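Computed from a predicted model, the values in this text were never measured in an experiment.
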Amino acid sequence: MTDSETVQQPSLTEQIEGKVAELTRKLPYIDEIEEKRTVLTQWFLNKDYFSMGSASATACFVSHPLDTLKVRFQLQGELRPPGKYTVKYRTIPQSLAAITADQGVSGLYRAVAPAFVYQFLMNTVRAFVFEKCVRWGLTSDLNEEPVLWRYGAACALSGSTGAVIASTAYLAKIQTQSQASPKLAVGWQHHHSKSRWVVWNAFRGRKGYLRSGFQGGTSAVMRVCVASTVQLLSFTTIQHGMYALGVHDAIVNSCLSGVISSIPVVLISNPFDVICTRMYNQELGAYYQCNRECAEKLYQREGWRGFYKGAVANYCRTVPHMIVTLLVWDHFRKRSMDLSLMDQSMSFELPEEGFEKSHEEIISKFES
């Protein structure tokens with residue numbers, strides 16, 4: 001091959017200038033795509049309610065075995081006087097061992113899929129509604145000072161809205177969690193092969209989806225309203241008290257406050273939780289027609305202790321669930337901030353007419 005036929009390779013400067021010229025020609029399209037990407041990214045990252053829903057759903061994988069125990073404890077001896085039924089679940093270690101021996105580890109994680117959906121839907125909607133209440137000034141007075149009872153009302157409203165929207169997922173969770181072999185069965189046994197069949201049966205139910213799909217919805221509203229309000233008031237009060245005692249680390253403060261505030265939450269909300277579990281688990285109208293009838297029958301036949309069945313399991317489930325939720329939520333928020341800073345550092349302005357930066361400046365920009 002002769003020298004005249006030799007193809008001369010462009011230098012690094014010429015390659016960069018060619019790329020810059022090509023980029024300049026495509027600049028209007030790149031700006032449009034970049035603007036849409038930035039808007040979508042910032043919109044998603046700035047929504048704390050998605051992070052809260054995802055964090056709470058993630059915590060299910062830690063707390064779900066204890067949630068299964070809670071449901072079994074609450075259904076044990078339903079409408080039977082104390083001492084007139086066989087106690088199949090006595091303590092948490094014994095119950096964990098019994099379910100694992102009978103059904104394996106999968107028995108502890110029965111209905112984890114609808115539980116995941118329920119936690120995501122309920123907490124996302126709850127955080128969304130609460131954020132709107134705060135943004136619209138419904139939690140403060142005319143001087144923009146926070147009012148405690150308005151915060152409680154906002155918590156009740158947001159919690160009830162999330163409970164209604166996620167009611168069908170909770171129905172599938174409860175009815176599937178309660179299923180067990182005859183020697184461990186408690187409460188009404190529905191014999192669903194999969195959780196999705198609970199939803200399908202609700203849709204094609206003879207009494208209509210609004211009755212079948214939202215069975216126990218009013219009890220869920222009461223439960224979440226009470227639990228959300230008590231949780232906010234107790235958690236906020238204890239958090240400020242821990243800060244006054246010198247616990248200034250945000251994560252440690254939140255975790256300790258969650259452990260302590262779970263005590264009044266369980267003490268006050270557990271009766272509503274028992275009623276909610278039984279209203280959802282029964283065959284529609286088989287035992288109870290309304291929440292009041294359920295509470296009356298429970299007190300008459302099981303006594304006041306019936307309202308606190310599963311309270312220990314409820315507390316043991318609430319504490320790790322709250323701690324994991326706070327840790328995962330904090331991780332999501334830090335990750336969102338890192339992505340936002342990365343997005344800002346990677347973006348740089350290009351002039352509308354021409355491109356006069358040298359290739360050294362471009363290379364230094366990408367290296368940085």
(request) Quick one: do Phe116 and Phe61 satisfy ring-ring contact (aromatic ring centres under 6.0 Å, His included)? Show the steps, please. (result) CA-CA 8 Å; Phe116 186 93; Phe61 294 105; 5.7 Å; yes

(message) A side-chain contact here means heavy atoms from C-beta on lying under 4.5 Å apart; do Val324 and Ser63 qualify?
(response) no

(message) For Leu233 and Trp149: C-alpha separation, side-chain torsions, deciding distance, then whether side chain to side chain contact (heavy atoms under 4.5 Å, CB included) applies.
(response) CA-CA 9 Å; Leu233 299 178; Trp149 71 267; over 6 Å; no

(message) When you measure from the side chain of Gln76 to the backbone of Lys88, do you find a donor-acceptor pair of N or O atoms at a distance under 3.5 Å?
(response) yes

(message) Any heavy-atom pair between the side chains of His321 and Asp67 that's under 4.5 Å?
(response) no

(request) State, yes or no, whether a side-chain contact exists between Ile99 and Leu69 at a heavy-atom distance under 4.5 Å. (result) yes

(message) Quick one about Asn123 and Arg126 (side-chain donor to acceptor, distance below 3.5 Å, no hydrogens or angles considered), yes or no?
(response) yes

(message) Do Tyr151 and Phe130 make a side-chain contact, defined as non-hydrogen atoms from C-beta onward lying under 4.5 Å apart?
(response) yes

(request) Hey, can you tell me if Phe73 and Tyr89 have their rings parallel, tilted or perpendicular (30° and 60° cut-offs)? (result) perpendicular

(message) Keeping Ser178 on the side-chain end and Gln175 on the backbone end, is there a donor-acceptor pair under 3.5 Å?
(response) yes

(request) Might you confirm whether atom OH of Tyr243 has over 12 heavy atoms from other residues, nucleotides or ligands at distances under 6.0 Å? (result) no

(message) Within the structure provided, determine whether Arg305 and Glu302 are in side-chain contact (heavy-atom separation under 4.5 Å).
(response) no

(message) As an exercise, state the distance from CZ of Arg301 to CD of Glu296, rounded to the nearest 0.5 Å.
(response) 11.5 Å

(message) Rounded at 0.5 Å granularity, tell me how far OG1 in Thr86 sits from NZ in Lys183.
(response) 14.0 Å

(request) Check for a donor-acceptor pair, side chain of Arg278 on one end and backbone N or O of Gln74 on the other, with a separation under 3.5 Å. (result) yes

(message) Between Arg150 (side chain only) and Ser140 (backbone N and O only), is there a donor and an acceptor less than 3.5 Å apart?
(response) yes

(message) Check for me, please, whether Leu256 and Val328 land in the same ILVMFWY cluster - side-chain distances under 4.5 Å, paths through other members count.
(response) no

(request) Can you see which heavy atom on Gln177 is nearest to which on Arg110, and at what distance? (result) CG-O, 3.5 Å

(message) If you define the side chain from C-beta out and look only at heavy atoms, does anything of Cys316 sit under 4.5 Å from Ile92?
(response) yes

(request) Evaluate the side-chain proximity of Leu326 to Ile251: yes if any heavy-atom separation is below 4.5 Å, no if none is. (result) no

(request) Let me see the working for Arg72 and Ser95 under side chain to side chain donor-acceptor pair (under 3.5 Å), right down to the final yes or no. (result) CA-CA 9 Å; Arg72 302 281 180 92; Ser95 302; over 6 Å; no

(request) Would you check, one step at a time, whether the test side chain to side chain contact (heavy atoms under 4.5 Å, CB included) holds for Val230 with Ser269? (result) CA-CA 8 Å; Val230 176; Ser269 67; over 6 Å; no

(message) Determine whether a donor-acceptor pair (N or O, by modelled atom type, separation under 3.5 Å) exists between the side chain of Gln179 and the backbone of His190.
(response) no

(request) Return yes if some donor-acceptor pair links the side-chain N/O of Tyr315 with the main-chain N/O of Val259 below 3.5 Å, else return no. (result) yes

(message) Treating Tyr308 as the side-chain partner and Leu267 as the backbone partner, does any N or O pair qualify as donor plus acceptor under 3.5 Å?
(response) yes

(request) Return yes if some donor-acceptor pair links the side-chain N/O of Thr124 with the main-chain N/O of Leu121 below 3.5 Å, else return no. (result) no

(request) Search all heavy atoms of Pro320 against all heavy atoms of Leu66 and return the closest pair with its distance. (result) CG-CD1, 4.4 Å

(request) Just do the side chain to side chain donor-acceptor pair (under 3.5 Å) check on Ser257 and Gln239 with the steps written out, would you? (result) CA-CA 5 Å; Ser257 301; Gln239 192 176 41; 5.2 Å; no

(request) May I ask you to decide if Phe307's main-chain N or O and Asn270's side chain share a donor-acceptor pair within less than 3.5 Å? (result) yes

(message) If we ignore hydrogens and angles and just use 3.5 Å, is the side chain of Ser56 paired with the main-chain N or O of Met52 as donor and acceptor?
(response) no

(request) Would you mind reporting whether Glu78 and Tyr287 have side-chain heavy atoms less than 4.5 Å apart? (result) yes

